[in-house]
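The structure appears below as structure tokens.
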Amino acid sequence: MNLQVRDKEFVVLVGPSGCGKTTTLRMVAGLEEITSGEITIGDRVVNDLPPKDRDIAMVFQNYALYPHMTVYDNMAFGLKMRKFPKPEIQKRVQDAAEILGIHELLRRKPRQLSGGQRQRVAVGRAIVRHPKVFLFDEPLSNLDAKLRVQMRVELKRLHDRLETTAIYVTHDQVEAMTLGDRVVVMKDGWIQQVGEPLELYGRPANKFVAGFIGSPAMNFADVTIGEANGAMWAENPGMRIKIPAAQADQLRRYKGQAVAFGIRPEDLHVATGADAQDNVIDAVVDVVEPLGSEILLDVKVGPTVMVARVEPTVRVKVHEPMRLGLDPERFHFFDNKTEAAI
């Protein structure tokens with residue numbers, strides 16, 4: 001991989017299990033040996049430096065706190081090992097505790113803390129070091145859903161306040177999108193795309209990124225590209241949609257060939273009279289998932305199953321036919337062989 005993380009940037013590595021995110025992080029930390037290439041932190045090449053000399057601080061998934069020590073001692077331990085003077089240790093621990101709101105927990109042992117409090121202590125232990133780089137390895141994955149959202153906001157706020165470079169590993173793409181200044185999408189040890197969250201969402205480089213970023217995932221359908229009445233069309237047994245002029249030139253070379261068509265659930269809506277008939281499809285409702293603020297509809301469009309995210313006021317029943325409008329500005333097409341975006 002080839003990646004440059006800018007100073008004070010919050011970069012998130014995201015991808016499915018086994019894609020190499022944690023291995024990459026451990027290589028930066030010096031916990032894994034690299035077989036070739038160079039790792040530089042600032043102006044220093046750190047390939048041969050042990051972890052303790054790399055000026056990094058790591059927050060692990062399982063918190064890795066010493067059970068027999070108080071919160072204060074856990075946070076102070078790294079500084080004591082580096083022979084920092086006592087008043088300096090005290091100041092740094094108190095400052096970090098203040099930032100994280102764990103002041104009243106300093107005398108407790110880890111077993112007396114909740115998951116969220118332990119997580120804060122683990123982050124505090126990293127903060128007191130004033131490192132050049134923070135490394136986070138799925139730090140929120142052991143927390144419940146509500147606490148994860150809360151800690152996500154706190155980590156974002158913390159980064160804005162500390163202005164330290166951070167590399168954060170997660171398999172949760174919502175976490176990646178909300179936390180990262182830039183997001184690195186990985187698959188099978190290779191970087192698929194690097195970009196700002198909305199860039200990955202709006203202009204995915206390939207089918208994998210398109211399907212991985214966004215929740216629920218992008219809908220895909222196999223379509224054949226054709227030309228009729230001076231326009232380009234994408235069709236399969238269940239749908240026939242007009243390709244917008246902006247994309248028609250790119251797709252002309254695929255005439256007569258099959259490509260993958262992609263559209264996000266939020267870009268499908270219940271069709272109204274205002275929709276151009278060229279961008280309306282007939283569907284049959286398969287599953288209705290009311291979520292309060294929205295409804296997810298699993299629908300069958302010919303041989304293809306799609307998900308539509310619609311307004312909570314929509315009332316439809318299972319097995320009921322319905323018409324869906326597609327937003328033509330939001331069509332995505334992918335080459336079937338290379339899976340690259342067209």
Side-chain angles (χ1 to χ4, degrees), residues 5 7-11 22 25-32 39 41-42 44 46 49-144 147-148 150-170 179:
V5 179
D7 192 29
K8 298 179 183 171
E9 189 175 32
F10 198 121
V11 165
T22 298
L25 202 72
R26 289 171 64 83
M27 290 192 296
V28 175
L31 302 173
E32 297 276 356
I39 297 173
I41 297 176
R44 287 194 309 168
V46 298
L49 288 181
K52 67 184 178 64
D53 297 331
R54 293 194 180 196
D55 203 3
I56 51 105
M58 195 158 178
V59 180
F60 295 92
Q61 182 177 349
N62 61 356
Y63 319 139
L65 300 175
Y66 298 112
H68 62 288
M69 290 185 188
T70 62
V71 167
Y72 181 94
D73 290 334
N74 263 289
M75 287 170 70
F77 185 74
L79 301 178
K80 283 178 183 165
M81 295 302 286
R82 284 176 174 72
K83 307 279 193 286
F84 273 75
K86 222 172 188 176
E88 175 68 7
I89 294 176
Q90 201 161 0
K91 182 182 183 310
R92 287 195 183 193
V93 172
Q94 298 288 357
D95 287 351
E98 200 68 54
I99 290 170
L100 292 162
I102 51 173
H103 223 279
E104 68 286 358
L105 307 177
L106 290 175
R107 295 183 184 282
R108 292 193 197 176
K109 299 269 178 71
R111 67 172 179 274
Q112 298 168 296
L113 306 178
S114 69
Q117 289 170 331
R118 284 181 205 176
Q119 187 55 71
R120 281 195 182 87
V121 176
V123 173
R125 185 177 54 189
I127 290 174
V128 296
R129 294 267 316 282
H130 297 180
K132 274 211 177 80
V133 187
F134 280 120
L135 303 176
F136 294 96
D137 188 10
E138 305 212 13
L140 309 184
S141 57
N142 288 346
L143 305 178
D144 64 59
L147 199 53
R148 281 174 80 153
Q150 191 184 326
M151 281 300 292
R152 216 162 60 201
V153 174
E154 287 187 22
L155 280 176
K156 185 91 170 160
R157 198 178 285 143
L158 188 64
H159 179 252
D160 291 342
R161 189 165 169 179
L162 297 176
E163 294 190 325
T164 309
T165 309
I167 303 176
Y168 186 103
V169 159
T170 179
L179 280 172

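Numbers for residues simply follow the sequence, beginning at 1.
- Here CD of Q119 is found 11.0 Å from CD1 of I102. Values are rounded to the nearest 0.5 Å.
- The heavy-atom pair separating V71 from L113 by the smallest distance is CG2-CD1, 3.7 Å.
- For the residue pair Q112 and Q117, the shortest heavy atom distance occurs at O-OE1, 4.4 Å.
- Classification of D95 and K91 as a salt-bridged pair holds, one side-chain N sitting under 4.0 Å from a carboxylate O.
- The backbone N or O of E32 lies less than 3.5 Å from no partner atom in the side chain of R26, so there is not a single donor-acceptor pair.
- Put simply, the side chain of R108 never gets that close to the backbone of T70: no donor and acceptor are under 3.5 Å apart.
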Apply side chain to side chain contact (heavy atoms under 4.5 Å, CB included) to the pair M75 and R92, showing each step before the final yes or no.
-> CA-CA 9 Å; M75 287 170 70; R92 287 195 183 193; over 6 Å; no
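- Checked by atom type and distance alone, the side chain of R125 pairs as donor or acceptor with a backbone atom of Y63 at under 3.5 Å.
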Audit row: H103, E98, side chain to side chain contact (heavy atoms under 4.5 Å, CB included) steps and yes/no | CA-CA 6 Å; H103 223 279; E98 200 68 54; 3.2 Å; yes
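- Separating the CE atom in M81 from the CG atom in L79 is a distance of 11.5 Å, to the nearest 0.5 Å.
- Salt bridge present: K80 and D73 bring a charged side-chain N and a carboxylate O closer than 4.0 Å.
- Judged by distance alone, the side chains of Q61 and S141 do bring a donor and an acceptor atom under 3.5 Å apart.
- Side-chain atoms of R152 never come within 3.5 Å of backbone atoms of L179 as a donor-acceptor pair (strictly under, hydrogens ignored).
- A donor-acceptor contact shorter than 3.5 Å links the side chain of R129 to the backbone of I56.
- Around atom NZ of K8, no more than 12 heavy atoms belonging to other residues, nucleotides or ligands sit under 6.0 Å away.
- Smallest separation of non-hydrogen atoms from L25 and F136: CD2-O, 3.5 Å.
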Yes or no on side chain to side chain contact (heavy atoms under 4.5 Å, CB included) for I41 and R54, after CA distance, side-chain angles and deciding distance?
-> CA-CA 8 Å; I41 297 176; R54 293 194 180 196; 4.3 Å; yes
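- For the pair M58 and L31, the tightest heavy-atom approach, listed with the atom from each and the gap, is SD-CD1, 3.9 Å.
- Distance check: E138 CD to T22 OG1 gives 5.5 Å after rounding to the nearest 0.5 Å.
- The CE atom of M151 sits 11.5 Å away from the CG atom of D144 when rounded to the nearest 0.5 Å.
- Note on ring orientation: taking the six-membered ring where Trp is involved, the planes of H159 and F10 are perpendicular (angle over 60°, cut-offs 30° and 60°).
- When atom types are taken as modelled, the side chain of D55 and the backbone of P131 share no donor-acceptor pair closer than 3.5 angstrom.
- For the atom pair NE2 (H68) and CG (N74), the distance works out to 8.0 Å, reported to the nearest 0.5 Å.
- Residues D53 and L49 approach most closely at O-CD1, 3.8 Å, considering heavy atoms.
- A side-chain contact (heavy atoms from CB on, under 4.5 Å) with D137 is found for one member of I167, T170, V169 and no other, namely V169.
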Give the intermediate values and the outcome of side chain to side chain contact (heavy atoms under 4.5 Å, CB included) for residues L135 and V59.
-> CA-CA 6 Å; L135 303 176; V59 180; over 6 Å; no
